[in-house]
Amino acid sequence: MKSENPLLTRAYALAGDRDDIRAVYADWAESYDDDTLVGMGYVAPAIAAETLASEITGSDRVLDAGCGTGLVGKELHEQCEPTIDGVDLSDDMLKQARQKGVYDALETADLTKKLDIEDDAYDGVISVGVFTSGHVGPSAMNELVRVIKPGAPAVITVHEKVWDKDGYADHLEQMEEDGIAIIREIREAPYHQKEGYSCKLCILEAA
């Protein structure tokens, strides 16, 4: 049995209610970085950012979808300095992200709904820690691909707990069949190392 931080247990117990999610992350925002990076060995932001950084340049504009406290944005900025916009459901998490000083724009958004972003607006998108228990389901991937240009990369982590249960493999295959995205690679990657969790690192290309 995997050992879990109590806040992580609370987050994984969410059932999709947006107010419940906001409440969890309001309580967690100030200690989130320390709890996850140090306490849990949260390596997914660094791994995903490195993956996207290899696909883009410093002149590109990217969207960090579900940016939280800005861990991914900080990693991306250090690796290739693109222009980064972030969206997240939690205002409290966005306050922490603003303090990192790496985002051009930060807005509140619900990834289970259509984003207030035009088609083909970005040169890439990254989403880490979002596709997990009780947060966002696979259908949100369609929206992430919609907002990037044809041929642009999408780097998305899917927690091991939900990959099979929520039918991510089937959904990605359907996206490819529908001509929405091309699956470049899906590989297993470390997630919370100290908690013993992995994820599927999905690298897609907008069709």
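Throughout, residue positions are numbered sequentially from 1 according to the sequence presented.
Residues V130 and L111 meet the side-chain proximity criterion, which asks for heavy atoms closer than 4.5 Å.
Side-chain atoms of D178 and Q174 include a donor-acceptor pair closer than 3.5 Å.
Rounded to the nearest 0.5 Å, atoms CG (D88) and CD (Q96) are 11.5 Å apart. Between the NZ atom in K74 and the OG1 atom in T69 there is a gap of 10.5 Å [rounded to 0.5 Å]. Residue H77 holds its NE2 atom at 11.5 Å from OH of Y103, rounded to the nearest 0.5 Å.
Listed for the D166 side chain is no donor-acceptor partner under 3.5 Å among the backbone atoms of Y168. Distance alone, capped at 3.5 Å, places no donor-acceptor pair between the H192 side chain and the K194 backbone. Without hydrogens or angle criteria, K100 side chain to G73 main chain gives no donor-acceptor distance under 3.5 Å.
A single hydrophobic cluster is not seen to contain both V102 and Y122; linkage of ILVMFWY side chains at heavy-atom distances under 4.5 Å, directly or through other members, places them apart.
Aromatic rings of H135 and Y25 (six-membered ring for Trp) have centroids within the 6.0 Å cut-off, being under it.
A ring-ring contact (aromatic ring centres under 6.0 Å, His included) with Y191 is found for exactly one of Y42, W163, Y197, namely Y42.
Within 6.0 Å of atom CD in E176, more than 12 heavy atoms from other residues, nucleotides or ligands are found, so the atom counts as buried in its surroundings.
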